[in-house]
There are 2 protein chains.
Amino acid sequence: METTKDRILNATAELFRRYGYTGTGMKQIVAQAEAPFGSIYHFFPDGKEQLGRDVIRRSGEMYRDLFETIVAAAPDVLTGVQDFFTGAAEVLRQSDYADACPIATVALEVASTSEPLREATADVFESWIAAGAARFAAAGVPRSQARELAIQLIAVLEGAFILCRATRTTEAMDVACAHTLASLRSALPAISTTA
Amino acid sequence: METTKDRILNATAELFRRYGYTGTGMKQIVAQAEAPFGSIYHFFPDGKEQLGRDVIRRSGEMYRDLFETIVAAAPDVLTGVQDFFTGAAEVLRQSDYADACPIATVALEVASTSEPLREATADVFESWIAAGAARFAAAGVPRSQARELAIQLIAVLEGAFILCRATRTTEAMDVACAHTLASLRSALPAISTTA
DNA sequence: GTCTATATTTGGATAGAC
DNA sequence: GTCTATCCAAATATAGAC
(Lines give C-alpha, C1' and ligand atoms only; values in the text may rest on other atoms or scores of the structure.)
Protein backbone atom coordinates (compact mmCIF):
# COMPACT_ATOMS: atom_id res chain seq x y z
CA MET A 1 0.00 0.00 0.00
CA GLU A 2 0.99 3.62 -0.41
CA THR A 3 1.78 5.33 2.86
CA THR A 4 1.24 8.99 3.67
CA LYS A 5 4.99 9.50 3.59
CA ASP A 6 5.19 8.02 0.09
CA ARG A 7 2.36 10.23 -1.12
CA ILE A 8 4.20 13.27 0.19
CA LEU A 9 7.45 12.22 -1.47
CA ASN A 10 5.74 11.50 -4.78
CA ALA A 11 3.77 14.75 -4.74
CA THR A 12 6.91 16.73 -3.94
CA ALA A 13 8.88 15.09 -6.73
CA GLU A 14 6.15 15.88 -9.22
CA LEU A 15 5.85 19.49 -8.09
CA PHE A 16 9.62 20.02 -8.10
CA ARG A 17 9.75 18.97 -11.76
CA ARG A 18 7.25 21.62 -12.76
CA TYR A 19 7.79 24.47 -10.32
CA GLY A 20 11.23 23.91 -8.83
CA TYR A 21 12.27 24.02 -5.20
CA THR A 22 11.51 27.61 -4.26
CA GLY A 23 8.44 27.58 -6.48
CA THR A 24 6.87 24.69 -4.60
CA GLY A 25 5.12 25.45 -1.30
CA MET A 26 4.63 23.15 1.66
CA LYS A 27 0.87 23.75 1.56
CA GLN A 28 0.85 22.94 -2.14
CA ILE A 29 2.61 19.66 -1.37
CA VAL A 30 0.16 18.44 1.27
CA ALA A 31 -2.76 19.49 -0.92
CA GLN A 32 -1.49 17.40 -3.84
CA ALA A 33 -0.59 14.50 -1.53
CA GLU A 34 -4.03 14.71 0.13
CA ALA A 35 -2.32 14.67 3.49
CA PRO A 36 -2.89 16.83 6.55
CA PHE A 37 -0.44 19.66 6.97
CA GLY A 38 1.09 18.31 10.17
CA SER A 39 2.19 15.06 8.53
CA ILE A 40 4.87 16.81 6.56
CA TYR A 41 6.65 17.90 9.74
CA HIS A 42 5.96 14.59 11.40
CA PHE A 43 7.82 12.67 8.71
CA PHE A 44 10.33 15.42 7.92
CA PRO A 45 11.08 17.20 11.21
CA ASP A 46 13.80 19.36 9.65
CA GLY A 47 11.29 20.79 7.21
CA LYS A 48 11.58 21.63 3.56
CA GLU A 49 15.31 21.11 3.26
CA GLN A 50 15.12 17.56 4.60
CA LEU A 51 12.15 16.75 2.38
CA GLY A 52 13.98 18.23 -0.60
CA ARG A 53 17.07 16.17 0.09
CA ASP A 54 15.09 12.94 0.33
CA VAL A 55 13.18 13.72 -2.86
CA ILE A 56 16.38 14.50 -4.76
CA ARG A 57 17.98 11.21 -3.68
CA ARG A 58 14.89 9.14 -4.38
CA SER A 59 14.26 10.72 -7.78
CA GLY A 60 17.91 10.27 -8.65
CA GLU A 61 17.71 6.56 -7.90
CA MET A 62 14.45 6.14 -9.80
CA TYR A 63 15.82 7.71 -12.95
CA ARG A 64 19.05 5.77 -12.76
CA ASP A 65 16.98 2.60 -12.45
CA LEU A 66 14.86 3.71 -15.39
CA PHE A 67 17.99 4.15 -17.51
CA GLU A 68 19.32 0.74 -16.44
CA THR A 69 16.00 -0.93 -17.14
CA ILE A 70 15.60 0.55 -20.60
CA VAL A 71 19.17 -0.23 -21.64
CA ALA A 72 18.97 -3.76 -20.21
CA ALA A 73 15.76 -4.42 -22.14
CA ALA A 74 17.25 -3.32 -25.46
CA PRO A 75 19.10 -5.71 -27.79
CA ASP A 76 22.24 -3.53 -27.61
CA VAL A 77 23.48 -0.38 -25.89
CA LEU A 78 22.93 1.83 -28.95
CA THR A 79 19.28 0.86 -29.16
CA GLY A 80 18.96 1.24 -25.40
CA VAL A 81 20.26 4.81 -25.45
CA GLN A 82 18.00 5.62 -28.37
CA ASP A 83 14.99 4.21 -26.49
CA PHE A 84 15.90 6.33 -23.49
CA PHE A 85 15.96 9.57 -25.50
CA THR A 86 12.79 8.60 -27.35
CA GLY A 87 11.08 7.97 -24.02
CA ALA A 88 12.19 11.35 -22.69
CA ALA A 89 10.75 13.10 -25.74
CA GLU A 90 7.52 11.14 -25.38
CA VAL A 91 7.08 12.13 -21.72
CA LEU A 92 7.67 15.78 -22.66
CA ARG A 93 4.98 15.71 -25.33
CA GLN A 94 2.47 13.79 -23.24
CA SER A 95 2.88 16.11 -20.25
CA ASP A 96 2.57 19.21 -22.44
CA TYR A 97 6.27 19.92 -21.81
CA ALA A 98 5.80 20.07 -18.04
CA ASP A 99 7.59 16.92 -16.85
CA ALA A 100 11.30 17.09 -17.50
CA CYS A 101 14.19 16.12 -15.24
CA PRO A 102 13.31 16.26 -11.52
CA ILE A 103 16.87 17.16 -10.54
CA ALA A 104 18.00 19.85 -12.98
CA THR A 105 15.70 22.68 -11.93
CA VAL A 106 16.38 22.11 -8.25
CA ALA A 107 20.10 21.72 -8.88
CA LEU A 108 20.36 25.14 -10.51
CA GLU A 109 18.19 26.79 -7.88
CA VAL A 110 19.95 25.48 -4.79
CA ALA A 111 23.56 25.46 -6.03
CA SER A 112 24.24 28.83 -4.37
CA THR A 113 21.79 28.70 -1.47
CA SER A 114 21.89 25.32 0.26
CA GLU A 115 25.02 23.26 0.63
CA PRO A 116 23.18 20.07 1.76
CA LEU A 117 20.86 20.21 -1.23
CA ARG A 118 23.70 21.03 -3.61
CA GLU A 119 25.59 17.99 -2.38
CA ALA A 120 22.51 15.82 -2.86
CA THR A 121 22.24 16.89 -6.51
CA ALA A 122 25.98 16.37 -7.00
CA ASP A 123 25.71 12.83 -5.59
CA VAL A 124 22.85 12.06 -7.96
CA PHE A 125 24.74 13.28 -11.02
CA GLU A 126 27.86 11.38 -9.97
CA SER A 127 25.83 8.18 -9.59
CA TRP A 128 24.31 8.69 -13.02
CA ILE A 129 27.75 9.22 -14.52
CA ALA A 130 29.03 6.05 -12.85
CA ALA A 131 26.02 4.03 -14.07
CA GLY A 132 26.36 5.27 -17.65
CA ALA A 133 30.11 4.76 -17.67
CA ALA A 134 29.72 1.20 -16.38
CA ARG A 135 27.21 0.42 -19.13
CA PHE A 136 29.43 1.82 -21.85
CA ALA A 137 32.49 0.07 -20.46
CA ALA A 138 30.56 -3.21 -20.44
CA ALA A 139 29.82 -2.63 -24.12
CA GLY A 140 33.51 -2.36 -24.87
CA VAL A 141 34.28 1.36 -24.58
CA PRO A 142 37.63 2.13 -22.90
CA ARG A 143 37.24 3.27 -19.25
CA SER A 144 38.19 6.96 -19.46
CA GLN A 145 36.26 7.38 -22.68
CA ALA A 146 33.24 5.66 -21.09
CA ARG A 147 33.10 8.26 -18.34
CA GLU A 148 33.38 11.12 -20.84
CA LEU A 149 30.56 9.63 -22.90
CA ALA A 150 28.34 9.34 -19.83
CA ILE A 151 28.99 12.96 -18.87
CA GLN A 152 28.32 14.08 -22.42
CA LEU A 153 25.05 12.10 -22.51
CA ILE A 154 23.77 13.56 -19.24
CA ALA A 155 24.82 17.10 -20.14
CA VAL A 156 23.16 17.09 -23.54
CA LEU A 157 20.06 15.39 -22.13
CA GLU A 158 19.67 18.05 -19.43
CA GLY A 159 20.35 20.86 -21.86
CA ALA A 160 17.81 19.43 -24.29
CA PHE A 161 15.21 19.36 -21.51
CA ILE A 162 15.75 23.10 -20.99
CA LEU A 163 15.40 23.91 -24.70
CA CYS A 164 12.37 21.63 -25.14
CA ARG A 165 10.49 23.05 -22.17
CA ALA A 166 11.20 26.61 -23.31
CA THR A 167 10.34 26.14 -26.97
CA ARG A 168 7.65 23.51 -26.48
CA THR A 169 9.12 21.32 -29.19
CA THR A 170 11.16 18.11 -29.06
CA GLU A 171 13.60 19.27 -31.72
CA ALA A 172 16.47 19.64 -29.25
CA MET A 173 15.85 16.17 -27.80
CA ASP A 174 15.90 14.65 -31.27
CA VAL A 175 19.16 16.41 -32.07
CA ALA A 176 20.63 15.36 -28.71
CA CYS A 177 19.67 11.75 -29.42
CA ALA A 178 21.22 11.69 -32.87
CA HIS A 179 24.49 13.25 -31.74
CA THR A 180 24.80 11.02 -28.69
CA LEU A 181 24.24 7.91 -30.80
CA ALA A 182 26.90 9.09 -33.23
CA SER A 183 29.43 9.64 -30.44
CA LEU A 184 28.66 6.30 -28.86
CA ARG A 185 28.84 4.45 -32.17
CA SER A 186 32.30 5.77 -32.93
CA ALA A 187 33.49 4.82 -29.44
CA LEU A 188 32.25 1.23 -29.60
CA PRO A 189 34.52 -1.54 -30.90
CA ALA A 190 33.92 -2.55 -34.52
CA ILE A 191 30.64 -4.42 -34.90
CA SER A 192 30.88 -8.08 -35.74
CA THR A 193 28.76 -8.32 -38.87
CA THR A 194 26.73 -11.48 -38.35
CA ALA A 195 25.25 -12.98 -41.55
CA MET B 1 26.56 57.05 -17.41
CA GLU B 2 24.71 54.25 -15.69
CA THR B 3 21.08 55.08 -15.03
CA THR B 4 18.98 53.76 -12.16
CA LYS B 5 17.07 51.61 -14.61
CA ASP B 6 20.32 50.05 -15.86
CA ARG B 7 21.48 49.36 -12.33
CA ILE B 8 18.20 47.57 -11.63
CA LEU B 9 18.46 45.51 -14.81
CA ASN B 10 22.07 44.57 -14.11
CA ALA B 11 21.41 43.66 -10.50
CA THR B 12 18.42 41.54 -11.47
CA ALA B 13 20.39 39.69 -14.15
CA GLU B 14 23.15 38.92 -11.67
CA LEU B 15 20.71 37.72 -8.98
CA PHE B 16 18.73 35.58 -11.45
CA ARG B 17 21.89 33.69 -12.37
CA ARG B 18 22.53 32.71 -8.78
CA TYR B 19 19.11 32.43 -7.19
CA GLY B 20 16.67 32.08 -10.08
CA TYR B 21 13.42 33.92 -10.68
CA THR B 22 11.34 32.86 -7.67
CA GLY B 23 14.43 32.88 -5.48
CA THR B 24 15.15 36.55 -6.19
CA GLY B 25 13.14 39.13 -4.25
CA MET B 26 12.26 42.66 -5.31
CA LYS B 27 13.79 44.05 -2.12
CA GLN B 28 16.96 42.10 -2.78
CA ILE B 29 17.10 43.65 -6.25
CA VAL B 30 16.83 47.28 -5.14
CA ALA B 31 19.31 46.63 -2.34
CA GLN B 32 21.91 45.30 -4.79
CA ALA B 33 21.12 48.05 -7.31
CA GLU B 34 21.37 50.68 -4.55
CA ALA B 35 18.08 52.10 -5.73
CA PRO B 36 15.00 53.14 -3.75
CA PHE B 37 12.22 50.59 -3.68
CA GLY B 38 9.74 52.73 -5.58
CA SER B 39 11.99 53.01 -8.63
CA ILE B 40 11.42 49.40 -9.53
CA TYR B 41 7.68 49.97 -10.02
CA HIS B 42 8.32 53.33 -11.64
CA PHE B 43 10.41 51.79 -14.40
CA PHE B 44 8.56 48.46 -14.48
CA PRO B 45 4.90 49.22 -13.73
CA ASP B 46 3.80 45.64 -14.38
CA GLY B 47 6.12 44.42 -11.65
CA LYS B 48 8.34 41.40 -11.44
CA GLU B 49 7.09 39.72 -14.58
CA GLN B 50 7.85 42.75 -16.75
CA LEU B 51 11.26 43.17 -15.15
CA GLY B 52 11.96 39.48 -15.64
CA ARG B 53 11.01 39.62 -19.30
CA ASP B 54 13.27 42.60 -19.94
CA VAL B 55 16.17 40.97 -18.10
CA ILE B 56 15.77 37.73 -20.05
CA ARG B 57 15.79 39.56 -23.38
CA ARG B 58 18.70 41.78 -22.46
CA SER B 59 20.80 38.92 -21.07
CA GLY B 60 19.99 36.86 -24.14
CA GLU B 61 21.29 39.59 -26.41
CA MET B 62 24.41 40.14 -24.32
CA TYR B 63 25.39 36.49 -24.41
CA ARG B 64 24.70 36.20 -28.11
CA ASP B 65 26.94 39.23 -28.64
CA LEU B 66 29.58 37.65 -26.43
CA PHE B 67 29.52 34.50 -28.56
CA GLU B 68 29.74 36.54 -31.77
CA THR B 69 32.60 38.63 -30.41
CA ILE B 70 34.65 35.67 -29.25
CA VAL B 71 34.17 33.74 -32.48
CA ALA B 72 34.88 36.83 -34.62
CA ALA B 73 38.12 37.47 -32.72
CA ALA B 74 39.38 33.91 -33.22
CA PRO B 75 41.42 32.86 -36.27
CA ASP B 76 38.81 30.22 -37.18
CA VAL B 77 35.44 28.95 -35.97
CA LEU B 78 36.93 25.91 -34.20
CA THR B 79 39.24 28.07 -32.11
CA GLY B 80 36.38 30.49 -31.48
CA VAL B 81 34.10 27.78 -30.10
CA GLN B 82 36.94 26.46 -27.97
CA ASP B 83 37.60 29.95 -26.59
CA PHE B 84 33.91 30.27 -25.77
CA PHE B 85 33.84 27.07 -23.73
CA THR B 86 37.15 27.90 -22.06
CA GLY B 87 35.75 31.29 -21.08
CA ALA B 88 32.62 29.69 -19.63
CA ALA B 89 34.73 27.35 -17.50
CA GLU B 90 36.88 30.25 -16.38
CA VAL B 91 33.86 32.32 -15.25
CA LEU B 92 32.55 29.32 -13.31
CA ARG B 93 35.82 28.86 -11.45
CA GLN B 94 36.31 32.58 -10.76
CA SER B 95 32.78 33.01 -9.42
CA ASP B 96 33.10 29.91 -7.22
CA TYR B 97 30.57 28.16 -9.49
CA ALA B 98 27.91 30.79 -8.90
CA ASP B 99 27.71 32.54 -12.28
CA ALA B 100 26.41 30.24 -14.99
CA CYS B 101 23.85 30.91 -17.71
CA PRO B 102 21.44 33.72 -16.83
CA ILE B 103 18.61 32.15 -18.84
CA ALA B 104 18.62 28.43 -18.00
CA THR B 105 17.54 28.60 -14.36
CA VAL B 106 14.74 31.04 -15.11
CA ALA B 107 13.70 29.07 -18.20
CA LEU B 108 13.17 25.88 -16.17
CA GLU B 109 11.40 27.71 -13.37
CA VAL B 110 8.90 29.66 -15.44
CA ALA B 111 8.18 27.13 -18.20
CA SER B 112 5.04 25.96 -16.42
CA THR B 113 4.03 29.12 -14.57
CA SER B 114 4.32 32.17 -16.83
CA GLU B 115 3.58 32.09 -20.52
CA PRO B 116 5.09 35.56 -21.22
CA LEU B 117 8.33 34.62 -19.49
CA ARG B 118 8.45 31.21 -21.15
CA GLU B 119 8.08 32.89 -24.54
CA ALA B 120 10.89 35.29 -23.70
CA THR B 121 13.24 32.39 -22.90
CA ALA B 122 12.15 30.57 -26.07
CA ASP B 123 12.90 33.68 -28.15
CA VAL B 124 16.35 33.92 -26.62
CA PHE B 125 17.21 30.28 -27.34
CA GLU B 126 15.88 30.58 -30.88
CA SER B 127 18.06 33.65 -31.48
CA TRP B 128 21.10 31.81 -30.11
CA ILE B 129 20.39 28.87 -32.41
CA ALA B 130 20.07 31.19 -35.38
CA ALA B 131 23.31 32.99 -34.53
CA GLY B 132 25.24 29.75 -34.09
CA ALA B 133 23.78 28.23 -37.23
CA ALA B 134 24.71 31.33 -39.24
CA ARG B 135 28.28 31.17 -37.97
CA PHE B 136 28.64 27.50 -38.81
CA ALA B 137 27.03 27.96 -42.21
CA ALA B 138 29.47 30.79 -42.93
CA ALA B 139 32.29 28.37 -42.13
CA GLY B 140 31.01 25.95 -44.74
CA VAL B 141 28.67 23.64 -42.84
CA PRO B 142 25.51 22.70 -44.78
CA ARG B 143 22.41 24.64 -43.61
CA SER B 144 20.37 21.92 -41.88
CA GLN B 145 23.45 20.47 -40.25
CA ALA B 146 24.49 23.95 -39.11
CA ARG B 147 21.24 24.34 -37.18
CA GLU B 148 21.63 20.91 -35.58
CA LEU B 149 25.16 21.75 -34.53
CA ALA B 150 24.03 25.02 -32.95
CA ILE B 151 21.28 23.24 -31.01
CA GLN B 152 23.73 20.58 -29.89
CA LEU B 153 26.23 23.23 -28.77
CA ILE B 154 23.68 25.16 -26.71
CA ALA B 155 22.17 22.01 -25.19
CA VAL B 156 25.49 20.57 -24.08
CA LEU B 157 26.67 23.96 -22.82
CA GLU B 158 23.55 24.40 -20.68
CA GLY B 159 23.71 20.84 -19.42
CA ALA B 160 27.38 21.28 -18.55
CA PHE B 161 26.53 24.40 -16.56
CA ILE B 162 24.11 22.32 -14.47
CA LEU B 163 26.65 19.58 -13.80
CA CYS B 164 29.46 22.03 -13.05
CA ARG B 165 27.43 24.08 -10.60
CA ALA B 166 26.23 20.94 -8.82
CA THR B 167 29.60 19.19 -8.61
CA ARG B 168 31.73 22.33 -8.33
CA THR B 169 34.12 21.10 -10.97
CA THR B 170 34.64 22.06 -14.61
CA GLU B 171 34.95 18.46 -15.77
CA ALA B 172 31.61 18.51 -17.59
CA MET B 173 32.46 21.76 -19.37
CA ASP B 174 35.78 20.34 -20.53
CA VAL B 175 34.03 17.23 -21.85
CA ALA B 176 31.35 19.36 -23.52
CA CYS B 177 34.02 21.44 -25.22
CA ALA B 178 35.95 18.44 -26.55
CA HIS B 179 32.84 16.72 -27.91
CA THR B 180 31.49 19.89 -29.50
CA LEU B 181 34.80 20.55 -31.22
CA ALA B 182 34.85 16.97 -32.53
CA SER B 183 31.31 17.31 -33.94
CA LEU B 184 32.10 20.65 -35.52
CA ARG B 185 35.38 19.44 -36.99
CA SER B 186 33.73 16.53 -38.74
CA ALA B 187 31.02 18.82 -40.15
CA LEU B 188 33.42 21.36 -41.59
CA PRO B 189 34.67 21.02 -45.16
CA ALA B 190 38.13 19.49 -45.53
CA ILE B 191 40.81 21.88 -44.31
CA SER B 192 43.09 23.32 -46.96
CA THR B 193 46.48 22.39 -45.61
CA THR B 194 48.51 25.52 -46.19
CA ALA B 195 52.28 24.94 -46.14
C1' DG C 1 9.00 61.42 -10.73
C1' DT C 2 11.74 59.87 -6.16
C1' DC C 3 11.27 57.70 -2.41
C1' DT C 4 9.19 55.79 2.32
C1' DA C 5 5.76 53.55 4.77
C1' DT C 6 2.37 50.29 4.58
C1' DA C 7 -1.16 46.96 2.79
C1' DT C 8 -2.03 42.26 1.55
C1' DT C 9 -0.86 37.67 0.59
C1' DT C 10 1.82 33.73 0.92
C1' DG C 11 5.89 31.50 2.64
C1' DG C 12 7.73 27.96 6.21
C1' DA C 13 7.07 26.43 10.67
C1' DT C 14 4.71 25.34 15.32
C1' DA C 15 1.37 24.36 19.22
C1' DG C 16 -1.67 21.69 21.03
C1' DA C 17 -6.38 19.24 20.68
C1' DC C 18 -7.68 14.63 19.94
C1' DG D 1 1.03 9.98 16.11
C1' DT D 2 -2.86 12.53 13.13
C1' DC D 3 -4.52 16.54 12.18
C1' DT D 4 -6.23 21.85 12.65
C1' DA D 5 -5.58 26.42 13.81
C1' DT D 6 -2.33 29.71 14.17
C1' DC D 7 2.20 32.21 14.28
C1' DC D 8 5.79 35.06 12.34
C1' DA D 9 8.64 36.48 8.55
C1' DA D 10 9.09 37.58 3.85
C1' DA D 11 7.00 38.00 -0.52
C1' DT D 12 4.86 41.38 -4.10
C1' DA D 13 2.59 45.41 -4.72
C1' DT D 14 0.56 50.09 -3.60
C1' DA D 15 -0.44 54.71 -1.57
C1' DG D 16 0.79 58.93 -0.94
C1' DA D 17 4.25 62.43 1.05
C1' DC D 18 7.69 65.31 -0.92
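Because the structure is a prediction, the values reported are computed rather than measured. In what follows, every heavy atom counts, from backbone to side chain, and hydrogens, waters and symmetry copies are set aside. Letters A, B, ... are given to chains in the order of the sequence lines, protein chains preceding strands, and every chain is numbered from 1.
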message: Using a 6.0 Å distance limit plus a 45 degree cone around the ring axis, check whether Lys48(B) lies over the aromatic ring of Tyr41(B).
response: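 No, cation not above the ring by the 6.0 Å, 45° rule.
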message: If we ignore hydrogens and angles and just use 3.5 Å, is the side chain of Arg147(A) paired with the main-chain N or O of Ala133(A) as donor and acceptor?
response: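 The answer is no, because no donor-acceptor pair under 3.5 Å joins these two groups.
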- request: Can you label the angle between the Phe67(B) ring and the Phe84(B) ring as parallel, tilted or perpendicular, going by 30° and 60°?
  value: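 Rings of Phe67(B) and Phe84(B): perpendicular, over 60°.
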query: Using a cut-off of 4.0 Å on non-hydrogen atoms, how would the nucleic acid contact of Phe44(B) be classed: base, sugar-phosphate, or nothing?
result: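 Here Phe44(B) touches no strand at all.
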- prompt: Under 4.0 Å between a Lys/Arg side-chain N and an Asp/Glu carboxylate O for Asp6(A) and Arg58(A)?
  reply: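 A salt bridge is present here (some side-chain N lies under 4.0 Å from a carboxylate O).
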- prompt: Hey, is Asp46(B) close enough to Arg53(B) for a salt bridge, meaning N to O under 4.0 Å?
  reply: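 The answer is no: the pair does not qualify as a salt bridge.
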message: Counting only heavy atoms not in Glu115(A) (residues, nucleotides, ligands), do more than 12 fall under 6.0 Å from its CD?
response: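 Buried by this count: over 12 neighbours within 6.0 Å.
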message: Is it the case that atom CZ in Arg143(B) sees more than 12 heavy atoms from other parts of the structure closer than 6.0 Å?
response: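 12 or below, so no.
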task: Begin from the C-alpha positions of Glu90(A) and Arg93(A) and carry the test salt bridge (Lys or Arg N to Asp or Glu O under 4.0 Å) through to its verdict.
output: CA-CA 5 Å; Glu90(A) 187 64 23; Arg93(A) 270 191 302 271; 2.9 Å; yes
message: Rounded to the nearest 0.5 Å, what separates atom CG in Asn10(B) from atom CE in Met62(B)?
response: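 It comes to 7.0 Å.
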- prompt: Starting at CD1 of Ile40(B) and ending at P of dT12(D), how long is that distance when rounded to a whole Å?
  reply: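 So the CD1-P distance, Ile40(B) to dT12(D), works out to 9 Å.
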Span of DNA chain C, from the first to the last nucleotide whose atoms fall under 4.0 Å of chain B heavy atoms: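 Nucleotide range in contact with chain B: dG1(C) to dA5(C).
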field: Student check: side-chain heavy atoms of Tyr21(B) and Thr22(A) closer than 4.5 Å
entry: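 The answer is no; the side chains never approach within 4.5 Å.
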task: Identify, residue by residue, the members of residues 46-55 of chain A with a heavy atom below 4.0 Å from DNA chain D, and return them in order of residue number, or none.
output: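 Listed by number, there are none.
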Interface with DNA chain C, restricted to residues 18-30 of chain A and to heavy atoms under 4.0 Å: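 When residues 18-30 of chain A is checked for heavy atoms under 4.0 Å from DNA chain C, the hits, listed by number, are Thr24(A), Gly25(A), Met26(A), Lys27(A).
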